[in-house]
Q: 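Please see the structure below; I have some questions.
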Amino acid sequence: MPEGLKTAIVAINQLPSTPETLWLRILGRDETQQQAITELLALPTDDPRRSRVLQLLVNWRITLEITEEITEEGGELMAALSQAYLEWEQKTKQEGRQEGERSLVLRLLTRRVAKCLKGCDRK
């Protein structure tokens, strides 16, 4: 086989618990996956990788709810994904509140500037 086309089989549950393997371990099963999700949630909240993967996990959780009958194993996964979902939901609500506050401040400033401009035109 050509050098660039070599393939390998990876036993995800045997990977070391390092930041470099986190993304593969999320694709694992059972304890390996749950530990990886816990590590993901422990990343700093401003880490862009954390935010992107949380969105993917939330989508995965919703898809599982819609399309699958939840087994005991699936229930454990759903519990792990629920924490990710809750954190994503809280962050999304906080961002929405901040955007609403920014919008309100902008509207108030616009009105005040408009009043000032009208006052200047009269003089």
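From a predicted model like this one, the values you see are computed outputs, not experimental measurements.
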Q: If we only count heavy atoms from C-beta on, is the L57 to I26 side-chain gap below 4.5 Å?
A: yes
Q: Check residues 41-50 and write down every donor-acceptor pair under 3.5 Å in which the side-chain atom is one partner and the other belongs to a residue at least two apart or another chain.
A:
unit_1	atom_1	unit_2	atom_2	d
D47	OD1	R49	N	2.9
D47	OD1	R49	NE	3.2
D47	OD2	R49	NH2	2.8
R50	NE	L40	O	3.4
R50	NE	L41	O	3.4
R50	NE	L43	O	3.1
R50	NH2	L41	O	3.0
R50	NH2	E87	OE1	2.1

Q: Which heavy atom of G28 sits nearest a heavy atom of I12, and at what distance?
A: CA-CG2, 3.7 Å
Q: Only counting residues at least two apart or in another chain, list the ones meeting side-chain hydrogen bond (donor to acceptor under 3.5 Å, both in side chains) with Q94.
A: R97
Q: With sequence neighbours left out, write down each residue that passes side-chain hydrogen bond (donor to acceptor under 3.5 Å, both in side chains) with T92, or none if nothing qualifies.
A: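 Per chain and number, T92 pairs via side-chain hydrogen bond (donor to acceptor under 3.5 Å, both in side chains) with no residue.
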Q: Count the heavy atoms belonging to other residues, nucleotides or ligands that lie under 6.0 Å from CD of E95, then report whether that count exceeds 12.
A: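 Yes, because the 6.0 Å sphere around CD of E95 holds more than 12 heavy atoms from other groups.
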Q: Can you name the residues that form a side-chain hydrogen bond (donor to acceptor under 3.5 Å, both in side chains) with R112, not counting sequence neighbours?
A: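 Per chain and number, R112 pairs via side-chain hydrogen bond (donor to acceptor under 3.5 Å, both in side chains) with no residue.
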Q: Using only atom types and a distance under 3.5 Å, with no angle test, would you say the side chain of Q33 pairs donor to acceptor with the backbone of L27?
A: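 No, the answer is negative, given that no donor and acceptor are paired below the 3.5 Å cut-off.
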Q: Side-chain polar contacts of residues 98-106 - donor-acceptor pairs under 3.5 angstrom, sequence neighbours left out - could you list them?
A:
unit_1	atom_1	unit_2	atom_2	d
E99	OE1	R102	NH2	3.1
S103	OG	R107	NH1	3.1

Q: Counting only pairs under 3.5 Å, give me each side-chain donor-acceptor contact of residues 15-23, with atom names and distances, residues two or more places apart or in other chains.
A:
unit_1	atom_1	unit_2	atom_2	d
S17	OG	Q35	NE2	3.1
T18	OG1	E20	OE1	3.4
T18	OG1	T21	N	3.4
T18	OG1	T21	OG1	3.4
T21	OG1	P16	O	2.5
T21	OG1	T18	N	3.3
T21	OG1	T18	O	3.1
T21	OG1	R25	NE	2.8

